[in-house]
Amino acid sequence: MRNNIKSKIAVLILMTVVCISACDKMNPEPPVVVGDLENIPYLPQVYTIKKPAHFPQMPIPADNPMTSDGVQLGRRLFYDNILSADGTMSCASCHLPQGSFTDNKPVSVGIDGIAGRRSAMSLLNIGYIRPEIGLFWDGRAKTLEEQALLPVEDPIEMHSTWPNVMEKLKADPTYPTLFRKAFGISSRAQMTKELAAKAIAQFERIIVSSGSSKYDEFLKTRDFMVFDDEELDGYTMFFEAQVETGITNLPDAQCFHCHGALTMTSGNLYFNNGLDAVPTLNNFTDKGLFEVTSKEGDQGKFRSPNLRNIAKSAPYMHDGRFQTLEQVVENYALKGKGVSNEDPLLNQVGLNAINNTLTAYHKSALIKFLHTLTDTQVINNPDLQSPF
């Protein structure tokens, strides 16, 4: 009896295996179809970046020319949670328009609820940063294309993998068409993380000041009457512009050395700006640029951020330690902490003033000038908002 039962079970198992095999043959895995996107038109149109007339032309890499479809694909990817492992986070989660493309947090928090160690930098005018300077606070990525690849696989940020992301994009009903229109690929198999990063970089390059701030009005006219008296005093101290403005009774605030030029970054160089009192350079909690260069003198140095729309991007510094511009200016008025690689100009804040210091009025005037950098048009630009 037992042998008969065992025989029947064996037959049933065999029949099940045969049935599954037959079903697999009837419903095989769909093969990769070469040319499955070729019926979709590929008609690339050059995209011209809208910028203020007094801004220079933005450098565009030869291997990633700007196209309308490339920008639109990048915009969608930038705002799409599909890039994260659990579908809850996008690039825009840390770079929202209303925060001048920051998240207005001291440090950003990833999909697992883990806080990072640095504040999200503003993306405003990010396309003007030269590759030899680098991106992020420590310069670890040289191009926007390289930078766009990193957050997806960062275990603290989106905590995904590019192979997983690309499988989701290939299976999506919309993205294969968008990749075809942007890059002329002929099949889903040609969708790659490199093309996704190129599209995101194209979108980020159009995040450019509108030229409508009060400071931009001054740059266009060079008419000091654009400013009120306090703003003009702040401008004079910020740029050490006594000769230009004819105002000679104000201290030098030494700001423009780290925050000059049209983008208010003075070339995005790296500085120890006197935040921490440490006994030796090795004692910096966050070693900044040193983590990329391994040069002893780079410990505690960070890239100077863009000051345009600075009033919209609080909190401040690489770790978001200051909540207000008043706290920032007060910190610089203290002239650093005396660490060996601090920028020497910190010790000259207030130079030419009585008692070589900044008074309450001087600080107020500097802050009022910083508010002339506010550009509400760019943060409300419909071309930069979420397409969803």
Side-chain angles (χ1 to χ4, degrees), residues 74-124 126 134-141 144-172 175 193 196-197 199-201 203-204 207 275-276 283-292 300 302-303 305-306 309-324 327-328 379 384-388:
R75 178 187 181 194
R76 187 180 181 92
L77 288 168
F78 184 87
Y79 281 99
D80 199 339
N81 292 341
I82 199 171
L83 297 187
S84 62
D86 63 357
T88 62
M89 189 174 187
S90 69
C91 303
S93 298
C94 297
H95 300 285
L96 292 164
Q98 59 263 35
S100 194
F101 295 91
T102 73
D103 57 7
N104 294 124
K105 297 177 181 178
V107 295
S108 298
V109 178
I111 66 168
D112 300 311
I114 303 172
R117 57 184 178 142
R118 294 175 184 164
S119 180
M121 297 191 86
S122 172
L123 298 184
L124 184 58
I126 196 74
L135 300 161
F136 294 106
W137 286 100
D138 57 14
R140 64 186 181 274
L144 284 174
E145 288 78 6
E146 180 184 343
Q147 179 275 328
L149 291 171
L150 300 183
V152 165
E153 297 191 321
D154 189 301
I156 294 178
E157 297 184 51
M158 296 184 179
H159 202 178
S160 188
T161 68
W162 272 109
N164 287 341
V165 169
M166 293 314 303
E167 286 306 308
K168 289 190 287 185
L169 293 176
K170 290 173 184 178
D172 186 87
Y175 276 112
K193 66 178 183 180
I200 294 171
F203 172 69
E204 290 178 335
I207 304 174
L275 295 177
D276 297 309
N283 292 111
F284 279 107
T285 302
D286 187 337
K287 297 183 182 299
L289 182 62
F290 172 82
E291 295 179 5
V292 176
F302 297 91
R303 179 161 67 83
N306 174 10
N309 258 349
I310 192 66
K312 300 290 185 182
S313 62
Y316 306 109
M317 304 300 166
H318 67 276
D319 54 7
R321 68 178 65 188
F322 297 135
Q323 294 295 316
T324 67
Q327 290 174 330
V328 172
I379 61 179
L384 304 180
Q385 310 303 313
S386 172
F388 296 104

**Request:** List in chain and number order the residues that pass ring pair (Phe, Tyr, Trp, His ring centres under 6.0 Å) with Phe101, two or more places apart in sequence or in another chain; answer none if no residue qualifies.
**Result:**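 If we apply the ring pair (Phe, Tyr, Trp, His ring centres under 6.0 Å) test to Phe101, skipping adjacent residues, there are no hits.
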Ring pair (Phe, Tyr, Trp, His ring centres under 6.0 Å) partners for His318, two or more places apart: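 Ring pair (Phe, Tyr, Trp, His ring centres under 6.0 Å) list for His318, sorted by chain: Phe302.
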Which pair of heavy atoms, one from [X] and one from [Y], lies closest together, and at what distance?
| X | Y | answer |
| --- | --- | --- |
| Ser84 | Ser160 | C-CB, 4.0 Å |
| Arg76 | Pro387 | CA-CG, 3.8 Å |
| Leu77 | Ala196 | CD1-O, 3.8 Å |
| Val165 | Ile82 | CG2-O, 4.2 Å |
| His159 | Ala85 | O-CB, 3.1 Å |

With sequence neighbours excluded, residues passing side-chain contact (heavy atoms from CB on, under 4.5 Å) with [X]:
| X | value |
| --- | --- |
| Glu145 | Pro61, Asn64, Thr143, Lys198, Ala201, Arg205 |
| Val107 | Ala115 |
| Glu167 | Lys170 |
| Val292 | Asp138, Arg140 |

Quick one: side-chain hydrogen bond (donor to acceptor under 3.5 Å, both in side chains) partners of [X], sequence neighbours excluded?
| X | answer |
| --- | --- |
| Ser108 | Asp103 |
| Asp154 | none |
| Ser386 | none |
| Tyr175 | Asp80 |

Would you check if the side chain of [X] reaches a backbone N or O of [Y] as a donor-acceptor pair within less than 3.5 Å?
| X | Y | value |
| --- | --- | --- |
| Tyr316 | Ile310 | yes |
| Trp162 | Val152 | no |
| Asn309 | Gly99 | no |
| Asp112 | Ile114 | no |
| Trp137 | Met317 | no |

Any side-chain heavy-atom pair of [X] and [Y] under 4.5 Å:
| X | Y | result |
| --- | --- | --- |
| Cys91 | Met158 | yes |
| Lys312 | Pro97 | no |
| Arg303 | Phe136 | no |
| Gln323 | Pro106 | yes |

Qualifying residue for side-chain contact (heavy atoms from CB on, under 4.5 Å) with Asn306, from Leu123, Ile126, Leu124 |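 Result for side-chain contact (heavy atoms from CB on, under 4.5 Å) with Asn306: Leu124.
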Original post:
For Leu150 and Leu135, what are the C-alpha separation, side-chain angles and deciding distance, and is it a side chain to side chain contact (heavy atoms under 4.5 Å, CB included)?
Top reply: CA-CA 11 Å; Leu150 300 183; Leu135 300 161; over 6 Å; no
For this session: In sequence, state the C-alpha distance, the side-chain angles, and the governing distance for Lys105 and Cys94, and then conclude on side chain to side chain contact (heavy atoms under 4.5 Å, CB included).
Result: CA-CA 9 Å; Lys105 297 177 181 178; Cys94 297; over 6 Å; no
Q: Verify the distance criterion only: is there a donor paired with an acceptor across the side chains of Asn164 and Thr161 at less than 3.5 Å?
A: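 There is such a pair between these side chains.
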| task | Could you pull out all residues at least two apart from Glu291 that satisfy salt bridge (charged side-chain N to carboxylate O under 4.0 Å, His left out)? | result |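 Partners of Glu291 by the salt bridge (charged side-chain N to carboxylate O under 4.0 Å, His left out) criterion, ordered by chain and then number, come out as Arg117, Arg118.
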Once salt bridge (charged side-chain N to carboxylate O under 4.0 Å, His left out) is applied, do any residues pair with Asp319, and if so which ones, sequence neighbours excluded?
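Partners of Asp319 by the salt bridge (charged side-chain N to carboxylate O under 4.0 Å, His left out) criterion, ordered by chain and then number, come out as Arg321.
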